[in-house]
Amino acid sequence: MLSVYLYENSTEIYNLEPLGNSEEKVVVICPHPMAADSLRSRISDPSRAEVITISKFSSDLLNKIDEEIILKRKADLLGQLATIWKKKLSDYAADSFFDSFNLFTELRGYSLDFEMIKEVLPSYDEAIQKSLPIYWMYFEQLGIVDEHKANEILSHHLKIGISEEVETTYLFWGFNHINSGQIDFINSLAIRNKVIIPFPKEVFKQTRPGDWIRWFKADELREELTEFKRDVKSYFFPKKRLAQKLKEILDVEEVEQIVLAEKKVTLDSCLEVSVLPTHFRTTADLFSAYTKRAIDEIESVVGEGIECEELISCVKSKVAFELSKNIEEKNFRLIKVYSSLLKIITDYKALSDDNEFIKFYDVQVVREIISLNLPRDYFAPISNLEKKISILGLNELESSEDVESIFLLTDAYQGVKKGGSKYQEDIMKFLSSLGPIQRPELEFLMVREKFRELLDKGKIIFCIQEGLVESDRSWSEFFRGVEFLREEIFTPKVETFRNVLETEGRSFDQKVSASKLQTYIDCPKKFFYTYLERKEIDASNSKDLRPNEIGSLEHEVIEKYFDKVRNWDEGVLRETVSEVYKKFVEENRKLLSEVKEKISLYEIYNYSENGVKYILNILENMVGSEVSFEAFLADKEFVSGRIDCIIKFEDKFIILDFKRSGFSIPSKGEIEKYSKIQLPFYLKHFGGEIQDVLFWGFVNLSNTEESLLIHGGHELGKDFMERVGLGVKTRKSAFDDLNLWFSEYCEFEDEVIEELKKETLWRANPSKDDVCTFCSVSNLCTRGSV
Ligand code: SF4
């Protein structure tokens with residue numbers, strides 16, 4: 001028997017109220033370990049409830065049915081399907097493989113019957129249309145059991161009955177979404193057991209017929225929405241002044257718990273509010289910098305292609321080299337990364353003869369697999385102080401204590417978003433006939449409901465960035481019914497701040513460049529040590545070329561090549577590479593080993609070739625255009641900097657920046673939100689009008705197909721991009737109305753420059769998690785050393 005239990009407050013679940021009597025025991029199934037942990041700590045009578053995750057429950061049951069069944073993990077499937085792609089579909093871009101893989105795993109959540117799914121294929125590109133039937137057939141023929149197939153097997157056996165099955169009460173708790181296969185599984189479980197699915201009553205009133213909860217048999221609820229109204233004492237602070245405001249608030253308020261407006265708290269966001277001993281748990285990114293380093297090394301070894309055996313021995317020698325160091329010098333994280341890579345590459349090779357030879361595409365596959373395979377680590381500060389403030393995110397509201405709390409909201413936090421769907425409307429319509437579609441608004445309503453429970457307790461105050469709620473649709477909706485009672489703190493005019501690293505008092509009065517502005521946006525303290533009191537460690541070494549040195553050499557080669565010819569000529573490129581390289585090593589007194597020199601020259605030649613061919617393609621398709629490199633920005637009075645490449649076609653422009661790899665290219669979203677400003681800065685200062693820019697973006701010299709190009713928001717730009725064979729993405733973006741986006745950017749830039757010119761405090765305030773990871777002055781800064 002299955003029932004949906006509509007609750008008004010989560011405490012009903014913690015007190016096990018949905019159960020029939022006070023003796024009844026229950027198995028509670030949660031979506032992930034975090035939900036299970038928080039429920040265990042809240043349940044009023046733990047002796048009556050066994051709490052487990054759904055993956056543990058399914059794999060135990062699967063094992064009971066047939067211990068021979070091997071459930072394949074996502075990382076294994078990725079390697080297998082990548083090999084199939086290479087065999088049959090390698091004419092398409094490597095990116096398309098990853099898109100097709102993700103879509104494949106998603107669609108299997110709707111149905112395992114390909115005949116049903118194939119209806120959506122015409123809405124996707126050719127690569128997807130060709131690849132998905134092949135993947136499906138491969139799974140069928142080899143009888144591969146992924147999580148979706150496992151659900152089907154479990155449903156089947158539960159329907160016919162599993163031997164020694166004892167009637168049990170199950171409660172499914174904490175799910176934001178349940179897919180079609182899981183619905184079938186839960187319904188089958190309910191044939192011989194009692195299954196209860198609790199769901200917040202107020203949210204249920206706002207659900208739509210296609211939402212996952214409505215796929216279970218639930219009684220209609222004909223009640224009006226209950227009006228929500230609460231007054232909350234609220235402090236406000238200007239942008240980027242959270243830490244300062246929080247310190248003032250904590251001088252006048254007793255707070256035992258901090259709730260951040262982040263879905264998942266990050267180490268940086270916790271450290272930013274770490275004004276007192278705090279207690280929190282965040283994921284720790286222990287391996288990403290080393291993984292990037294190791295993959296970059298592999299990329300440069302692989303170049304145009306390499307025998308897999310040769311690559312394996314290269315990685316083995318790297319492991320051996322690290323292991324041969326003294327214990328104090330051994331880099332254990334790097335050893336872990338190299339060893340994982342070794343296993344992944346060896347397993348990948350064993351999949352097929354096609355993997356005996358490794359190319360750039362295979363390295364991307366290995367990169368994805370290692371990111372799935374490396375251990376998930378957590379960071380939790382240890383302190384023996386009794387008084388500690390807990391920090392939670394919006395996804396952990398269930399773990400919140402009934403104590404005095406403060407809710408912090410800044411524009412840097414990733415809150416819950418109300419709208420958006422990853423599917424086009426027609427696909428969504430079709431898929432909704434097969435199973436529930438994940439709807440961000442439903443998740444939004446569920447989080448808001450939990451947050452409202454917190455407000456109901458009356459023990460929370462707010463600390464909110466000025467103007468943010470009014471300007472953000474999702475936050476305005478999140479706080480519907482909340483009255484902010486503005487509270488001020490009166491402090492003496494002269495404030496004294498503890499000046500640990502003596503960054504205060506100095507100001508910046510020089511010209512601004514894109515990189516300076518970016519550094520300031522990334523972190524004021526980093527700016528101080530990079531530009532005002534240069535403490536950056538110069539890692540220059542006569543026996544090596546640094547990545548930025550190799551990048552500059554590649555830029556120079558491309559420029560010098562076009563000084564000589566404007567058509568493809570391999571001999572000219574070889575000659576240019578050799579001239580530029582020779583001059584550089586002489587001037588900089590570099591003495592590289594033969595192997596290192598070979599590897600560097602190999603990259604410089606190949607990446608420059610990619611750049612040259614990319615530019616040539618544009619020039620050939622836009623007859624009469626002129627190209628210039630290292631062009632100075634026009635506003636020389638106020639700003640400094642040069643643009644890698646400007647192509648002028650009649651009175652129109654194309655603005656390009658060269659990058660050595662995709663890693664240094666920002667995402668479209670980061671540019672849209674002005675968190676990466678290099679190119680918007682160029683657009684503002686290049687000396688022309690935005691309407692005259694046909695397209696602009698970053699050219700990825702390692703793989704030009706993975707460049708990021710943005711059209712000028714008008715048909716002409718799109719036409720020209722298509723004319724030179726650069727695909728135009730159809731996804732909606734802020735760039736569709738480029739003029740509006742750009743005028744808002746200009747205002748943003750003016751404000752940040754004004755702020756920079758007035759800055760005297762230079763606080764450690766990194767804008768994102770990874771800013772500290774790659775900060776060259778992190779060794780001077782307590783934030784960075786954590
Ligand atoms: S380590 Fe982080 S907080 Fe410190 S200066 Fe660098 S970016 Fe800023």
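For ligands, and for the atoms within them, numbers begin at 1 and follow the listed sequence.
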| For ligand 1, which atoms sit closer than 4.0 Å to a heavy atom of Ala764? | 3 (S)
| request: Check ligand 1 against Lys526 and write out every atom of the ligand that is under 4.0 Å from a heavy-atom position of the residue. | output: 5 (S)
| task | Verify whether one side chain among Glu759 and Tyr520 offers a donor that lies under 3.5 Å from an acceptor in the other. | result | yes
| Ligand-side contact atoms (ligand 1) for residue partner Cys523, heavy atom cut-off under 4.0 Å | 3 (S), 5 (S), 7 (S), 8 (Fe)
| task | Classify the angle between the aromatic ring planes of Phe478 and Trp475 as parallel (below 30°), tilted (30 to 60°) or perpendicular (above 60°). | result | perpendicular
| What atoms of ligand 1 come closer than 4.0 angstrom to any heavy atom of Val771? | 7 (S)
| query | Are the ring centres of Phe407 and Phe451 closer than 6.0 Å? | reply | yes
| Using the benzene-type ring in the case of Trp, are the ring centres of Tyr531 and Phe527 under 6.0 Å apart? | yes
